[in-house]
Amino acid sequence: MFRHISGYDFPPFRPPNEAESALIRITRGCPWNKCEFCSMYKSLKFELKPQEEIHDDIRKARQIYRDADSIFLGDSDNLVHKDLAEIVSCIRKTFPEARRITAYARAKTILRKKMEFLTTVRKAGLNRLHFGLESGDAVVLENLCKGATPEEMKEAGRKAKKAGFEVSFYVISGAGGKERWKEHAINSARVLNEIEPDYIRLRTLTIQHGTPMKEKQKNGIFIITPPLERLKEVKLFVEELDLEGCYLASDHLTNYLWAGGGIIYRGVEGNLPGDKKEMLETLSRAIEFVESTDLEVKDSNQLYEEGFLTAL
Ligand code: SF4
């Protein structure tokens with residue numbers, strides 16, 4: 001556990017698998033900030049933190065996270081910081097025992113950056129980038145207002161890999177809605193097959209109040225993928241994945257399904273291709289249950305509306 005240090009600038013968000021990581025903030029907010037499902041940084045104006053503030057935070061971080069094995073850099077798009085390599089070097093010197101340093105990355109930013117910049121940052125010690133692919137389907141990406149096409153996502157992922165980064169891609173299950181779950185599944189797998197990421201992480205679209213997506217839902221423009229179709233979507237997605245040496249994680253509570261007061265599905269997780277058969281069997285069992293039960297099956301959207309899910 002960490003100690004509280006006054007004035008430390010904690011990043012407000014981090015990926016679920018970085019729960020044990022030391023958190024150090026390099027930028028604040030998101031320079032894009034337009035994705036229709038996202039509520040993360042809406043109230044923040046994007047800014048690069050000044051070097052002195054960052055270095056002060058690195059010193060404080062050492063006191064807060066004494067045994068940090070991994071470090072996550074906030075906020076959403078640190079590759080825009082021209083001094084990132086120098087900052088990462090300083091973090092490496094301050095935390096010599098840390099196994100990895102990771103950060104979120106936006107495809108458009110990776111594409112804009114010169115390969116030399118990326119390799120310098122990588123060599124300085126930033127190991128892994130978390131990308132929000134969300135979907136590999138062009139229509140879905142446009143509907144989400146993601147600001148990048150599937151081709152750009154593919155190109156950015158491959159460029160980051162070429163620069164030596166491990167890459168982790170988020171896919172939003174349910175992003176295609178009831179109308180487009182098949183295209184979303186097939187095209188997301190297709191893009192990922194071409195990127196060959198180290199990790200794929202699933203989370204389920206849970207539409208939050210105050211987001212443009214909520215308005216679309218209220219107006220009937222977007223219909224949430226019901227639990228049965230969502231399971232079929234994940235099954236189709238896993239079937240279509242053709243990857244070696246990739247780990248698929250469902251490390252978020254939004255992936256669960258509930259019925260009769262209990263959890264009936266927790267998501268699928270495992271190595272590809274080794275655990276693919278088992279994951280597909282898990283999905284088939286869950287589909288069979290949902291198709292045959294008289295119980296109401298609830299997803300993260302219903303639990304959010306009922307006030308049982310708050311940390312999204
Ligand atoms: S999903 Fe990522 S890129 Fe999109 S607005 Fe949110 S933080 Fe920015």
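Indexing begins at 1, ligand by ligand and atom by atom, following the structure's order. All values derive from a computational prediction rather than experimental measurement.
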Let me check something: do Val167 and Leu272 share a hydrophobic cluster, defined by ILVMFWY side-chain heavy atoms less than 4.5 Å apart, either directly or through other members?
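Per the 4.5 Å side-chain linkage, Val167 and Leu272 are co-clustered.
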Output field: ring centroids His184/Phe237 closer than 6.0 Å:
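Between His184 and Phe237, the centre distance exceeds or equals 6.0 Å.
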Run the ring-centre check on Tyr41 versus Phe46 and record whether the distance is less than 6.0 Å.
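Distance test on ring centres: not under 6.0 Å, no.
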Tell me which protein heavy atom sits closest to atom 6 (Fe) of ligand 1, plus the residue, atom name and distance to 0.1 Å.
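Protein heavy atom at minimum distance: Cys38 SG, 2.4 Å.
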Tell me, which protein residue and heavy-atom name are nearest atom 8 (Fe) of ligand 1, and how many Å apart are they?
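Atom 8 (Fe) of ligand 1 sits closest to the protein heavy atom Cys30 SG, 2.3 Å.
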Within the 4.0 Å heavy-atom shell around [X], which atoms of ligand 1 are there?
X: Asn33; value: 5 (S), 8 (Fe)
X: Tyr41; value: 7 (S)
X: Lys34; value: 5 (S)
X: Met40; value: 7 (S)

Does the side chain of [X] come under 3.5 Å of the side chain of [Y] through a donor N or O and an acceptor N or O?
X: Gln63; Y: Lys60; answer: no
X: Ser21; Y: Arg14; answer: no
X: Arg128; Y: Ser168; answer: no

Does the shortest distance from atom 6 (Fe) of ligand 1 to an N/O/S atom of Cys35 fall below 2.8 Å?
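For Cys35, the answer is no, given that no N, O or S atom comes within less than 2.8 Å of atom 6 (Fe) of ligand 1.
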Proximity to ligand 1 by part of Lys146, non-hydrogen separation under 4.0 Å
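Looking at Lys146 and ligand 1, just side chain atoms fall under 4.0 Å.
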Heavy-atom distances under 4.0 Å are what count here, so tell me which part of Phe37 touches ligand 1: side chain, backbone, both or neither.
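Side chain only.
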At their closest point, which heavy atom of Glu97 faces which heavy atom of Arg62, and how far apart are they?
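Nearest heavy atoms, Glu97 then Arg62: OE2-NH1, 2.9 Å.
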